Amino acid sequence: MKRRTFAVIGLGTFGSTVATELARFGNPVMGIDIDEKIVGRYADVLSEAVIADGRDELALREAGVGNYDVALVAIGEDLEANILCSMSVKMLGVKTIWVKALSKTHHRILSKIGADRIVLPEQEVGQHIAQMLHNPLVRDYVSLGNGFHVVDLTVPEPLEGRAVGDVKLLSGYDLRALGAMREGEFLSCESGELELKTGDKLLVLGRRADLRRFGDDLLDEA
């Protein structure tokens with residue numbers, strides 16, 4: 001797989017975390033920040049670290065941002081700087097642009113500008129944590145878009161010995177079992193014959209409302 005190149009503009013907590021993780025995966029990453037001390041901190045971690053004002057299109061052009069496949073605008077707090085930077089990156093012709101949003105109103109503005117993906121990290125992490133706090137059986141979940149999610153549920157004792165294909169197990173929820181993890185091994189649920197054991201990690205696909213009802217009902221039985 002051809003490695004993509006990344007430019008991360010704004011090396012605060014969010015931006016620096018994304019940049020260093022991308023670099024750890026072996027990707028070429030350029031980090032940009034207006035603060036010299038912050039840039040110096042990542043000079044030996046990223047492929048390139050540049051001191052530049054994200055609001056300045058000329059500075060971004062000279063840094064070579066337009067040559068990167070993906071740009072992440074991670075400037076926080078300063079709404080004006082975030083929007084100006086997003087517009088500049090778009091003008092430079094970067095193919096894929098992700099932007100950190102500060103609010104839902106900001107999200108709408110970025111959509112109009114043409115950002116490919118808009119991230120509300122605090123809100124998304126908050127929702128993620130709330131879901132797991134609400135139901136201890138939910139270990140993790142992933143949004144697939146269009147209202148669909150995959151949820152990783154811990155199988156409670158009442159489901160011990162139940163086959164995944166048992167019509168009573170998922171009936172009324174409009175859900176699909178994708179598989180289960182047991183002692184580090186993935187077990188397919190395709191045939192419907194897999195018998196669940198307490199502690200299995202069951203992967204279930206469906207819409208949020210159905211997944212929530214199913215998870216809550218499992219919790220009541222546990």
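Just so we're clear, the structure is a prediction, and the values are computed from it rather than from any experiment. The chain is numbered in sequence order, starting from 1.
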Q. Above 12 or not: heavy atoms from other molecules or residues under 6.0 Å from CE of M181?
A. yes
**Q.** Residues K37, D35: salt bridge by 4.0 Å N-O rule
**A.** no
Q: Go through the steps for V18 and F6 under the test side-chain contact (heavy atoms from CB on, under 4.5 Å), then give the verdict.
A: CA-CA 10 Å; V18 174; F6 298 87; over 6 Å; no
Q. Going from OG on S103 to CZ on R108, what distance comes out if it is rounded to the nearest 0.5 angstrom?
A. 8.0 Å
Q) For atom CD of E190, is the number of surrounding heavy atoms from other residues, nucleotides or ligands below 6.0 Å larger than 12? A) no
Q.
Under 4.5 Å between side-chain heavy atoms, counting indirect links through other Ile/Leu/Val/Met/Phe/Trp/Tyr residues: same cluster for I32 and I38 or not?
A. no
Q) Do R24 and E21 meet the salt-bridge criterion of a basic N to acidic O distance under 4.0 Å? A) yes
Q.
Nearest 0.5 angstrom please: T154 OG1 to D152 CG, how far?
A. 6.5 Å
Q. If you take all heavy atoms of G192 and A163, which pair is closest and at what distance?
A. O-CB, 3.8 Å
Q: Among Ile, Leu, Val, Met, Phe, Trp and Tyr joined by side-chain contacts under 4.5 Å, find the other residues sharing a cluster with L84 and list them by chain and number.
A: none
**Q.** Remaining members of hydrophobic cluster (4.5 Å side-chain criterion), L58
**A.** none
Q.
For I34, is there any backbone N or O sitting under 3.5 Å from a side-chain donor or acceptor partner on D53?
A. no
Q. Looking only at atom types and distance, does a side-chain atom of K90 sit under 3.5 Å from a main-chain N or O of I113, one as donor and one as acceptor?
A. no
Q: First locate atom CG of L196, then atom CG of L187, and finally report the distance between them rounded to the nearest 0.5 Å.
A: 9.5 Å
Q.
Looking at every heavy atom in both A23 and L46, which two are closest together, and how far apart are they?
A. CB-CD2, 4.0 Å
Q | Co-membership, hydrophobic cluster, residues V70 and V65, 4.5 Å side-chain | A | no
Q. In the single-linkage hydrophobic clustering (I, L, V, M, F, W, Y; side-chain heavy atoms under 4.5 Å), do L11 and V29 co-cluster?
A. yes
**Q.** Lys/Arg-Asp/Glu bridge criterion (N-O < 4.0 Å) met for D69, K95
**A.** no
Q.
I'd like to know if L102 and V99 are part of one continuous hydrophobic network [Ile/Leu/Val/Met/Phe/Trp/Tyr, side-chain heavy atoms within less than 4.5 Å].
A. yes
Q) Is D210 paired with R213 through a side-chain N to carboxylate O contact shorter than 4.0 Å? A) yes
Q: State, to 0.1 Å, how close G15 and A74 come at their nearest heavy-atom pair, and which atoms those are.
A: CA-CB, 3.6 Å
Q: Report yes if some heavy atom in the side chain of L153 is under 4.5 Å from a heavy atom in the side chain of V138; otherwise report no.
A: yes
Q.
Let me confirm one number: the OG1-OH distance from T96 to Y68, rounded to the nearest 0.5 Å.
A. 15.0 Å
Q) Is there a side-chain contact (heavy atoms from CB on, under 4.5 Å) between V45 and S16 once you walk through the steps? A) CA-CA 10 Å; V45 179; S16 63; over 6 Å; no
(Q) Would the distance check show the side chain of R3 and the main-chain N or O of G26 forming a donor-acceptor pair, the cut-off being under 3.5 Å? (A) yes
Q) Can you get from V150 to L137 by hopping between Ile, Leu, Val, Met, Phe, Trp and Tyr side chains that sit under 4.5 Å apart? A) no
Q: Please lay out, stage by stage, how L60 and I9 fare under the test side-chain contact (heavy atoms from CB on, under 4.5 Å).
A: CA-CA 9 Å; L60 296 178; I9 308 166; 4.3 Å; yes
Q. What are the two closest non-hydrogen atoms of G179 and C189, and how far apart are they?
A. CA-SG, 3.3 Å
Q) Would a 4.5 Å heavy-atom cut-off, applied to side chains only, mark R4 and N27 as touching? A) no
Q) Rounded to the nearest 0.5 Å, what separation is found between the CG atom of L205 and the CG atom of L175? A) 8.0 Å
(Q) Can you tell me how far apart CD (E160) and CG (D200) are? Round to the nearest 0.5 Å. (A) 8.0 Å
Q) Should we count NZ of K197 as having more than 12 external heavy atoms under 6.0 Å? A) no
(Q) Any donor-acceptor pair under 3.5 Å linking the side-chain atoms of E157 with those of T198? (A) no
(Q) Less than 3.5 Å apart, any donor N or O on the side chain of D217 or Y173 sitting next to an acceptor on the other? (A) yes
(Q) Please find the pair of heavy atoms, one from A101 and one from L120, that lie closest to each other, and give the distance. (A) O-CD2, 3.4 Å
**Q.** Test item: N82 side-chain N/O and I75 main-chain N/O as donor-acceptor pair under 3.5 Å
**A.** yes
Q: Decide yes or no for L72 and K100: does some side-chain heavy atom of the first lie under 4.5 Å from some side-chain heavy atom of the second?
A: no
Q: Would you please test L194 and R182 for side-chain contact (heavy atoms from CB on, under 4.5 Å) and show each step?
A: CA-CA 11 Å; L194 177 67; R182 180 181 299 163; 4.1 Å; yes
